[in-house]
Amino acid sequence: TRSTRPQRLLNAVRKHATRGDPQSVISAIDHFCRHSEWAMNIGDEKGSILDSVVSELNPEKVLELGTYCGYSTVRIARLLPPGARLITLEFNADYAAIARQVIAWAGLEDRVQLVEGASEDWIPRMKEHFGIETFDFVFLDHWKDRYLPDTKLMEDCGLLRKGTVLLADNVICPGVPDYLQYVRNSLSYKSCYFKSHLEYTKAEDGLEKSVFLG
Ligand SMILES: O=C(NCCCOCn1ccc2cnccc21)c1cc(-c2ccc(F)cc2)cc(O)c1O
Ligand SMILES: [Mg+2]
């Protein structure tokens, strides 16, 4: 049977990246996506913005919605102190299987917990299942029509605290108009837009950083 794009991406990591070296994993995936096959990783340009937000925040408890092949998981986890925890949620079992191997190749499995399933099922269970009080940082990169309902769900479940930072990918392409309208107009958020480009292309895209004010 034909291989899948995520499998070919993993092969490129195994071939070109060094075990235990997260930067080499990031570079191998970016090279594969620029020169072989486009894939929906956040990419190097928006990835640098992600890096700066994470580095400034130094979060202990991180939630990522949308693992895909683990590219942004590796970007975030490599910047976290060893005691910090990143929970990443992936709906697609095939993507999750690839992501586990990419995260392991980077040597970051000790601070990452990959969970398979739907955000609307898992968000209400975060506290009792993972012993999480609140998240310091949430990266939204899953179904674009779930950004808004899941943000409201996280609020209702008490998973956000004063100062929690939400960073949303793809706010222009594919776009999340209802989410943008909410975080930019709600008195509970301080929001700002980081203009960039859709991964590996010249199309406009950007990240929206929103601080929950409690
Ligand atoms: O669709 C995208 N991402 C989402 C994947 C499914 O996520 C499903 N999913 C993952 C956890 C999870 C938890 N609960 C429910 C669904 C859950 C996505 C798409 C594009 C894109 C841009 C232009 C194009 F021409 C084509 C595609 C770019 C991106 O950067 C993206 O992130
Ligand atoms: Mg994305």
Side-chain angles (χ1 to χ4, degrees), residues 4-7 9-10 26 29-30 32-34 36-54 62-77 86-100 102-103 112-126 129-130 132 135 137-157 159 165-180 183 193-210:
T4 65
R5 182 168 305 183
Q7 279 169 334
L9 182 150
L10 174 61
I26 292 163
I29 294 172
D30 284 331
F32 174 81
C33 292
R34 263 191 201 290
S36 301
E37 304 181 57
W38 185 92
M40 61 182 170
N41 316 117
I42 191 174
D44 45 355
E45 192 180 310
K46 289 187 289 179
S48 297
I49 299 167
L50 171 63
D51 288 358
S52 59
V53 171
V54 172
V62 179
L63 175 63
E64 176 180 62
L65 300 174
T67 318
Y68 187 42
C69 296
Y71 174 89
S72 51
T73 319
V74 168
R75 284 203 84 111
I76 296 167
L86 195 172
I87 295 172
T88 183
L89 208 44
E90 180 48 56
F91 182 76
N92 181 304
D94 298 326
Y95 295 169
I98 298 296
R100 289 187 200 286
V102 169
I103 294 159
V112 175
Q113 191 155 5
L114 196 160
V115 183
E116 292 179 40
S119 48
E120 64 182 302
D121 299 331
W122 276 103
I123 286 172
R125 300 177 57 199
M126 283 292 158
H129 198 273
F130 297 102
I132 293 274
F135 287 107
F137 179 66
V138 182
F139 178 53
L140 298 95
D141 194 21
H142 61 327
W143 286 331
K144 308 315 163 192
D145 62 358
R146 288 300 312 177
Y147 282 28
L148 181 53
D150 285 343
T151 296
K152 290 180 172 174
L153 188 55
M154 286 187 287
E155 289 174 21
D156 297 345
C157 294
L159 287 168
V165 170
L166 307 186
L167 189 67
D169 190 26
N170 310 119
V171 297
I172 303 299
C173 179
V176 282
D178 60 343
Y179 174 82
L180 276 191
V183 291
Y193 175 60
F194 293 84
K195 183 179 164 83
S196 185
H197 296 93
L198 177 69
E199 48 266 29
Y200 317 113
T201 78
K202 293 186 166 55
E204 182 180 348
D205 190 20
L207 301 172
E208 189 82 3
K209 177 188 174 188
S210 308

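Read the numbers this way: they start at 1 and go in the same order the structure lists the ligands and their atoms.
- Between C69 and the choices I103, I29, I98, the side chain to side chain contact (heavy atoms under 4.5 Å, CB included) rule is met once, by I98.
- Here the closest non-hydrogen pair linking R146 and S119 is NE-OG, 4.2 Å.
- By the 6.0 Å and 45° rule, R125 stacks over the aromatic ring of W122.
- Only the side chain of N170 comes within 4.0 Å of ligand 1, counting heavy atoms alone; its backbone N, CA, C and O stay farther away.
- Close contacts of ligand 1 with F91, meaning ligand atoms under 4.0 Å from a residue heavy atom, involve 9 (N), 10 (C), 11 (C), 12 (C), 16 (C), 17 (C).
- Listed by number with element, the atoms of ligand 1 under 4.0 Å from a non-hydrogen atom of H142 are 3 (N), 4 (C), 7 (O), 9 (N), 10 (C), 11 (C), 12 (C), 17 (C).
- For ligand 1, the atoms sitting less than 4.0 Å from at least one non-hydrogen atom of G66 are 10 (C), 11 (C), numbered in the order shown with element in parentheses.
- Note that atom 31 (C) of ligand 1 has protein non-hydrogen atoms nearby, at separations under 4.0 angstrom.
- Of the polar atoms of D169, at least one N or O is found under 3.5 Å from an N or O of ligand 1, judged by distance alone.
- Between the CG atom of L140 and the CG atom of L167 there is a distance of 8.0 Å, given to the nearest 0.5 Å.
- G43 does not count as a contact of ligand 1, since none of its heavy atoms falls under 4.0 Å from the ligand.
- Which parts of ligand 1 touch P174 is read off a 4.0 Å heavy-atom cut-off, strictly below it: atoms 19 (C), 20 (C), 21 (C), 22 (C).
- Taking 4.0 Å as the cut-off between side-chain N and carboxylate O, D205 and K202 do not count as a salt-bridged pair.
- The heavy-atom pair separating D169 from Y147 by the smallest distance is O-OH, 2.8 Å.
- Rounded to the nearest 0.5 Å, atoms CG (L86) and CD1 (I76) are 5.5 Å apart.
- In summary, of the residues considered (D141, T73, T88), a side chain to side chain donor-acceptor pair (under 3.5 Å) with T67 occurs for T88 alone.
- Minimum heavy-atom separation, Y200 to A39: CE1-O, 3.5 Å.
- Judged by distance alone, with hydrogens and angles left aside, the side-chain atoms of N41 form no donor-acceptor pair with the main-chain N or O of G43 at under 3.5 Å.
- Here the CD-CG distance, from E64 to L114, works out to 8.5 Å after rounding to the nearest 0.5 Å.
- No donor-acceptor distance shorter than 3.5 angstrom exists from the side chain of Y68 to the backbone of A99, with no hydrogens or angles considered.
- Under 4.0 angstrom from ligand 1, there are no non-hydrogen atoms of R146.
- Put simply, N170 gets within reach of the Mg ion (ligand 2), with an N, O or S atom under 2.8 Å from it.
- Protein heavy atoms are found inside the 4.0 Å sphere centred on atom 14 (N) of ligand 1.
- Atom numbering of ligand 1 starts at 1 in the shown order; those under 4.0 Å from a heavy atom of A118 are 14 (N).
- Of all N, O or S atoms in D169, the one lying closest to the Mg ion (ligand 2) is OD2.
- Between Y95 and E90, the shortest heavy-atom contact is CD1-OE2, 3.5 Å.
- At a cut-off of 2.8 Å, E199 is not counted among the residues with an N, O or S atom near the Mg ion (ligand 2).
- In this structure, K144 has a heavy atom closer than 4.0 Å to ligand 1.
- For atom 28 (C) of ligand 1, the nearest protein heavy atom (residue, atom name, distance) is E199 OE2, 3.3 Å.
- With a 4.0 Å heavy-atom cut-off, ligand 1 is reached by no atom of I42.
- For the Mg ion (ligand 2), the nearest N, O or S atom contributed by D141 is named OD1.
- Protein heavy atom at the shortest distance from atom 5 (C) of ligand 1 is M40 CE, 3.7 Å.
- In this structure, atom 27 (C) of ligand 1 lies nearest to the protein heavy atom W38 CH2, 3.8 Å.
- For ligand 1, the polar-atom distance check against E90 finds no nitrogen or oxygen pair separated by under 3.5 Å.
- Under 4.0 angstrom from ligand 1, the non-hydrogen atoms of L198 all belong to its side chain.
- Atoms of ligand 1 found under 4.0 Å from any heavy atom of G117, numbered from 1 in the order shown, are 13 (C), 14 (N).
- When all heavy atoms are compared, the tightest approach of Y71 to D44 is OH-N, 3.4 Å.
- Scanning all protein heavy atoms for the shortest distance to atom 11 (C) of ligand 1 gives L89 O, 3.4 Å.
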